[in-house]
*Asks:* 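Could you have a look at this structure, given as structure tokens, before my questions?
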Amino acid sequence: MKLKFFRYFLFVFIMLLTCGVTELSAGETAGSILDKAATKIRSAKSISASYTITADGHKQSGEIVVAGNCFAISSPQISSWYDGKTQWTYSTQTGEVNITDPTTEELQQVNPFAIINSFRKLYKAVDLKAPATEKKIRLTASNPKNDIKSVVLTLDAKTLYPSHIELALTNRRTVSIDVTSVKSGEQLPQSEFRFNPKLYPGVPIVDLR
């Protein structure tokens with residue numbers, strides 16, 4: 001899966017992951033759910049999830065861990081670590097690790113807090129009709145030139161964790177994400193969100209900072 005597609009996934013997945021760790025109340029709107037999500041994720045020591053993403057007829061499974069404004073993602077094709085300042089991305093396709101200090105714009109794709117804080121400017125959220133076992137929210141881009149045109153998030157009505165995510169891109173491509181598990185965890189050391197060269201011996205490291 002191309003790195004750009006991976007970034008699309010990461011942008012939406014982290015944003016929608018935070019939607020699933022809050023509680024709904026009577027009369028609550030999709031927008032207010034996202035507002036509460038920012039506070040909820042800040043209070044969690046860590047959140048982890050397993051997923052399968054389908055795009056262009058290909059499937060990729062992996063795991064993501066989020067702690068504060070740090071994250072780590074592992075999959076057979078791409079792995080990425082972000083410690084709040086520096087990001088390391090390893091791709092089996094290129095066989096190398098790229099190091100970057102993401103810009104403010106790039107952080108809109110990788111930082112859950114930046115995504116939540118800018119959400120109202122980027123997307124319009126509305127509730128959709130759904131079976132009693134589900135909750136659904138549609139996110140529509142305010143700017144028609146946004147790469148991600150719309151998203152439909154399905155939550156498990158009992159746990160309120162995300163179970164399925166559908167992305168519609170402006171190039172008419174679609175991305176489907178099945179979330180197989182979501183759970184909160186304990187405090188993790190900062191080393192969990194940094195690339196460890198000892199685990200990737202001989203892999204070239206390209207510093208793009």
Side-chain angles (χ1 to χ4, degrees), residues 1-41 47-64 66 71 73 75 78 108-183:
M1 187 173 295
K2 294 181 179 180
L3 183 58
K4 187 175 182 180
F5 242 1
F6 170 75
R7 288 175 177 167
Y8 287 150
F9 156 68
L10 188 58
F11 169 76
V12 176
F13 184 78
I14 294 178
M15 177 178 71
L16 300 184
L17 176 61
T18 64
C19 296
V21 295
T22 187
E23 295 180 358
L24 292 170
S25 61
E28 203 164 29
T29 65
S32 64
I33 294 171
L34 291 174
D35 289 338
K36 283 189 174 183
T39 301
K40 185 70 175 182
I41 196 171
I47 298 173
S48 61
S50 299
Y51 65 86
T52 298
I53 178 172
T54 303
D56 293 340
H58 300 285
K59 290 188 176 183
Q60 174 182 313
S61 297
E63 297 182 350
I64 180 171
V66 180
F71 72 82
I73 285 184
S75 73
I78 295 176
Q108 299 302 322
Q109 299 178 352
V110 300
N111 187 311
F113 301 136
I115 292 168
I116 291 291
N117 292 337
S118 63
F119 173 77
R120 291 193 181 282
K121 295 181 180 179
L122 297 176
Y123 291 91
K124 178 182 178 181
V126 297
D127 297 313
L128 298 178
K129 291 183 178 180
T133 56
E134 298 176 344
K135 298 285 185 182
K136 283 191 177 184
I137 297 174
R138 179 185 296 278
L139 312 172
T140 304
S142 301
N143 185 346
K145 294 183 179 181
N146 195 311
D147 286 346
I148 302 172
K149 183 179 179 181
S150 65
V151 182
V152 174
L153 166 66
T154 302
L155 303 176
D156 182 283
K158 184 177 180 180
T159 65
L160 294 182
Y161 284 134
S163 59
H164 189 74
I165 304 166
E166 288 284 343
L167 287 72
L169 309 182
T170 51
N171 60 10
R172 297 186 179 181
R173 293 168 114 176
T174 59
V175 179
S176 176
I177 304 166
D178 287 306
V179 184
T180 54
S181 70
V182 182
K183 61 182 180 180

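The shown structure was predicted, so the numbers you read here are calculated from the model rather than taken from an experiment.
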*Asks:* Specify the closest pair of heavy atoms between K129 and K136, including all atoms of both residues, with the distance to one decimal.
*Replies:*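 Looking at all heavy atoms of both residues, the shortest contact is O-CD, 4.3 Å.
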*Asks:* In terms of side-chain heavy atoms, does T52 have a donor or acceptor partner in S61 at a distance below 3.5 Å?
*Replies:* yes
*Asks:* Does T154 use its side chain to pair, donor to acceptor, with the backbone of S163 at less than 3.5 Å?
*Replies:*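 No: the side chain of T154 does not pair with the backbone of S163.
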*Asks:* Side chain to side chain contact (heavy atoms under 4.5 Å, CB included) with S176: which residues, sequence neighbours excluded?
*Replies:*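 Counting only residues at least two positions away or on another chain, S176 forms a side chain to side chain contact (heavy atoms under 4.5 Å, CB included) with T54, H164, E166.
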*Asks:* Between OG1 of T180 and OH of Y51, what distance do you get to the nearest 0.5 Å?
*Replies:* 10.5 Å
*Asks:* For a 4.5 angstrom cut-off between non-hydrogen side-chain atoms, does I137 reach D127?
*Replies:* yes
*Asks:* At their closest point, which heavy atom of K124 faces which heavy atom of S142, and how far apart are they?
*Replies:*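 Scanning both residues, the minimum pair turns out to be N-OG, 4.3 Å.
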*Asks:* Go through the structure and list residues passing side-chain hydrogen bond (donor to acceptor under 3.5 Å, both in side chains) with T170, not counting sequence neighbours.
*Replies:*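 Testing T170 for side-chain hydrogen bond (donor to acceptor under 3.5 Å, both in side chains), a comparison that skips the adjacent residues, returns none.
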*Asks:* Enter the distance from L167:CG to I53:CD1 here, rounded to the nearest 0.5 Å.
*Replies:* 7.5 Å
*Asks:* Does N171 reach the main-chain N or O of R173 with its side chain, forming a donor-acceptor pair under 3.5 Å?
*Replies:* yes
*Asks:* Suppose we screen for side chain to side chain contact (heavy atoms under 4.5 Å, CB included). Which residues come up paired with P144, at least two apart in sequence or across chains?
*Replies:*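 In terms of side chain to side chain contact (heavy atoms under 4.5 Å, CB included), with neighbours along the sequence ignored, P144 is linked to no residue.
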*Asks:* Could you walk me through whether I78 and I73 pass side-chain contact (heavy atoms from CB on, under 4.5 Å), step by step?
*Replies:* CA-CA 8 Å; I78 295 176; I73 285 184; over 6 Å; no
*Asks:* Taking atom OG of S48 and atom NZ of K183, what is their separation to the nearest 0.5 Å?
*Replies:* 5.0 Å
*Asks:* If you define the side chain from C-beta out and look only at heavy atoms, does anything of I47 sit under 4.5 Å from V182?
*Replies:* yes
